Asker: 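Sharing a structure with you now.
Please read these numbers as outputs of a predicted model, since none were measured by experiment.
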2 protein chains.
Amino acid sequence: MANTSSRTLRLLSLLQARRYWPGAELAQRLQVSARTLRRDIDRLRELGYPVEAQRGVDGGYQLAAGAALPPLVVDDEEAVALAIGLRAAAQDAGEGIAEATVRALAKVVQVMPGRLRRRVEALSAMTVPAGWGGAGGGGLDPALLTQLAVACRDSERLRFSYTAADGRHTERQVEPHRLVALRRRWYLVGYDLTRHDWRSFRLDRLSSARGTGTRFRPRELPAADAAAFVRAGIDQARVGHEVEAIVDAPGATVRQRIGRWSTVEDADDQRCRVRMSVDDLDWAVMALVTLDADFQVVSPAELLDRIHDWGHRLGRVRPAGPAPGASNGPVSTKF
Amino acid sequence: MANTSSRTLRLLSLLQARRYWPGAELAQRLQVSARTLRRDIDRLRELGYPVEAQRGVDGGYQLAAGAALPPLVVDDEEAVALAIGLRAAAQDAGEGIAEATVRALAKVVQVMPGRLRRRVEALSAMTVPAGWGGAGGGGLDPALLTQLAVACRDSERLRFSYTAADGRHTERQVEPHRLVALRRRWYLVGYDLTRHDWRSFRLDRLSSARGTGTRFRPRELPAADAAAFVRAGIDQARVGHEVEAIVDAPGATVRQRIGRWSTVEDADDQRCRVRMSVDDLDWAVMALVTLDADFQVVSPAELLDRIHDWGHRLGRVRPAGPAPGASNGPVSTKF
DNA sequence: GCGGTAGCGGCCACTTTCTGACCTCAATAG
DNA sequence: CTATTGAGGTCAGAAAGTGGCCGCTACCGC
């Protein structure tokens, strides 16, 4: 701990933990003279981390936002929070930052001591599954996502079992290349060693993955990028529903509420046209109903059925009569 | 860049970015001899970050999970992903890690260059607000959360305007102490300088906060911890809705779907009793309707009204007639 | 089992940096 | 104005970092 670089790191972490530090206190904590502290501060500044200083009574140092990101020194709890947040974010990240999210997740998880990893597992078990646990949508296992992200990063071969679209289970051995989020789904792009070709795998159809422990030299993907590869694959096997509806509310309002998942076009001042791609029609119904406005369905017809189905179900809800089951029922799960 | 400590930092970042590195490549990247690299690796190990090495052909170094967390070296995109993930996580974090989440958020945001901060703002504008953008639920402004977290951390006085429960606006000057998440809501605990007493403030009633620039010496909170303080305050002014319903579906099924937010008691084989506390009735409606089963409402009566309201709205949805706005409308927002 | 590869670490000589002490100066708040 | 606190120069001794060399050991493929 008497080292210079370790001290520099500690200084950085102190400056990150609290904004203002009187120089004397820092010097005392780092067990060096005030002069050396000043030199350490200089070192940080030379490294590109702008440390600002206030002179005079009650002065001190503070770490400001600079051109580059300093290494983040986080404590245990913060690391757990990071992992949880990233896991949740990965579930429905926009296509733009999804990759960065898993990259960061892999980074954090990789260096996290085992005890923290266990805490993350425990905590995220009680977290909301993907997109509201919607009726049909199989939740994505966040641990799987992490595992695959690490395997991609480290170029480690994987074995897993995969359930193809036709329902057949197969065992695969794959060189993982990249994770791709597309249309609210995750795909693993990799080189299938038994098929001797590139494939993309939907994460929700993939299970019991484990690394083989062998590393490989990354191959070159025969596509512009991984996202393009996946897109090419799923375009020929379309699935899901294209929803279109006219909503009796201003486009701006609608955009604010559900613009994230849909394309909103202004029709006139009071109406707009909403388009979205969903896997599950219930999802579309929820999106539309939360708008608190009337709407008309353009397509598909099934959506209208579904909506009326919901309407009926909700319409026939009645106050509960005499208690049907004694309220002293034995089984109860909290949370 | 020729510095030893900066090189150590760079080495750490390289080891975090990819798992396996051949020693020769690392040495070349860091512009040092292999011998010095080995010494650098040693240095890291002495600092407590376990670097493992593989000998022999195809050997190399890898950063393993150790006892302590090394400083995270993240790139720009990853930092943005971190901030986005943490913001989202803060919105509905469990009470246990909520505080760590904002702490981490403050840490990340504090050192983030302005350009990244702007990207975060832009991106999180298109992110789902708290709990599905539920109709009534005032979304929490994530920027506010960040701002307050930083102010708490840095012991900086705040001014803001506050709308009390009775609807009266007041201007407050406060020494922020801690942020607390309780029952899916955020509170700021602080010492109110005009009232000369400790208060807790609901974040969704707090607006136009700005730091005064003056720091203060933290006072001691007259309570076990900040959460206890808030709890004591809100227990005397309960709010929200206690929902109870009988669902015509087995308890196990229901528990799997919405057990996270509710208490489910088995009534008999085919029915169960669901209880939940919600701020917003729409939220309860959504939870119940996604169960895909009939149900009866025990309480409150308003819930029944709301359900029937939804039922009517959904019931009168019709297919769209002739296109109301030309589909070549100029304004279109994707994403 | 054998040879090649690649990490391990001791040793040495040389160079560079670091450190604390002492000094003067500069900004800031009361 | 004055006390406080950071900025920074200089100096000498101490400590480190560095590269080159060495023999050693673990591991892999043949």
Side-chain angles (χ1 to χ4, degrees), chain A residues 1-12 14-15 18-47 49-64 154-157 212-217, chain B residues 1-12 14-15 18-47 49-64 154-157 212-217:
Chain A
M1 264 302 174
N3 211 331
T4 315
S5 26
S6 103
R7 202 181 55 232
T8 309
L9 234 49
R10 276 217 295 153
L11 177 56
L12 197 56
L14 287 176
L15 286 174
R18 202 212 287 180
R19 171 102 96 149
Y20 294 97
W21 287 92
E25 189 174 347
L26 284 178
Q28 203 249 321
R29 287 221 184 201
L30 299 176
Q31 296 280 313
V32 290
S33 69
R35 184 67 187 89
T36 300
L37 170 75
R38 246 172 293 148
R39 275 193 273 246
D40 283 355
I41 297 278
D42 272 349
R43 209 193 322 274
L44 284 186
R45 293 204 251 246
E46 272 164 30
L47 288 177
Y49 312 130
V51 183
E52 291 176 1
Q54 310 293 323
R55 302 191 188 200
V57 182
D58 225 41
Y61 294 95
Q62 70 192 89
L63 185 58
D154 297 345
S155 300
E156 185 183 354
R157 284 200 186 145
T212 65
T214 47
R215 276 164 288 147
F216 62 91
R217 196 167 309 282
Chain B
M1 264 302 175
N3 210 334
T4 314
S5 28
S6 105
R7 202 181 54 234
T8 309
L9 235 47
R10 276 216 294 154
L11 176 56
L12 197 56
L14 288 176
L15 287 174
R18 202 212 288 178
R19 173 102 95 146
Y20 293 98
W21 288 92
E25 190 175 347
L26 284 178
Q28 203 249 320
R29 288 221 184 202
L30 299 175
Q31 295 280 312
V32 290
S33 69
R35 184 68 187 86
T36 299
L37 170 74
R38 246 172 294 148
R39 272 193 275 247
D40 283 355
I41 296 278
D42 272 350
R43 210 192 320 275
L44 283 187
R45 293 205 252 246
E46 271 164 29
L47 288 177
Y49 312 130
V51 183
E52 291 176 1
Q54 309 293 322
R55 302 191 187 199
V57 182
D58 225 40
Y61 294 95
Q62 72 191 86
L63 186 59
D154 298 345
S155 300
E156 186 184 353
R157 284 197 186 150
T212 64
T214 46
R215 277 164 287 148
F216 61 90
R217 196 167 308 282

Asker: Please give, in whole Å, the distance from C:dT15 P to B:Asn3 CG?
Answerer: 20 Å
Asker: Mapping A:Asp42 and A:Ser5 to their closest nucleotides on DNA chain D, which lands nearer the 5' end?
Answerer: A:Asp42
Asker: Can you tell me how far C1' of D:dA7 sits from CD of A:Glu52, to the nearest Å?
Answerer: 15 Å
Asker: Nearest-nucleotide wise, let me know which of A:Gly60 and B:Arg43 is further upstream toward the 5' end of DNA chain D.
Answerer: A:Gly60
Asker: Using atom CD1 of A:Ile41 as one end and atom C1' of D:dG6 as the other, report the distance to the nearest whole Å.
Answerer: 10 Å
Asker: Among residues 23-39 of chain B, which contact DNA chain D at a heavy-atom distance under 4.0 Å?
Answerer: B:Val32, B:Ser33, B:Arg35, B:Thr36, B:Arg39
Asker: Excluding sequence neighbours, so at least two apart, what forms side chain to side chain contact (heavy atoms under 4.5 Å, CB included) with A:Ala64?
Answerer: A:Pro50, A:Glu52
Asker: If I take atom CG from residue B:Leu14 and atom CH2 from residue B:Trp21, how far apart are they, to the nearest 0.5 angstrom?
Answerer: 5.0 Å
Asker: Report the residues that fulfil side chain to side chain donor-acceptor pair (under 3.5 Å) with A:Glu156, sequence neighbours left out, ordered by chain and then residue number.
Answerer: none
Asker: Could you check how far CH2 of A:Trp21 sits from C1' of D:dG6, rounded to whole Å?
Answerer: 18 Å
Asker: Compare side-chain N and O positions of A:Tyr20 against OP1 and OP2 of D:dG6 and report whether any pair is under 4.0 Å apart.
Answerer: no
Asker: How far does CZ of A:Arg7 sit from CG of A:Leu37, to the nearest 0.5 angstrom?
Answerer: 8.5 Å
Asker: Checking contacts here: which listed nucleotide (C:dC8, D:dT5, C:dT19) is nearest the side-chain heavy atoms of A:Arg55?
Answerer: D:dT5
Asker: Between A:Arg7 (CZ) and C:dC18 (C1'), how many Å, whole number?
Answerer: 8 Å
Asker: Just to verify, what does A:Asp42 make a side chain to side chain donor-acceptor pair (under 3.5 Å) with, not counting sequence neighbours?
Answerer: none
Asker: Show every salt bridge (charged side-chain N to carboxylate O under 4.0 Å, His left out) that has at least one partner inside residues 29-38 of chain A, sequence neighbours left out.
Answerer: A:Glu25-A:Arg29
Asker: Listed by chain and number, what are the side chain to side chain contact (heavy atoms under 4.5 Å, CB included) partners of A:Ser5, not counting sequence neighbours?
Answerer: A:Asn3, B:Ser5, B:Thr8, B:Arg43
Asker: Could you state the atom-to-atom distance from CD of A:Gln54 to P of C:dT28 in whole Å?
Answerer: 8 Å
Asker: Expressed in angstrom and rounded to an integer, what is the separation of B:Tyr61 atom OH from D:dC27 atom P?
Answerer: 14 Å
Asker: Looking only at side-chain N and O atoms, does A:Thr4 come under 4.0 Å of OP1 or OP2 in C:dT19?
Answerer: yes
Asker: Nearest-Å distance, CG (A:Leu44) to C1' (D:dA7)?
Answerer: 16 Å
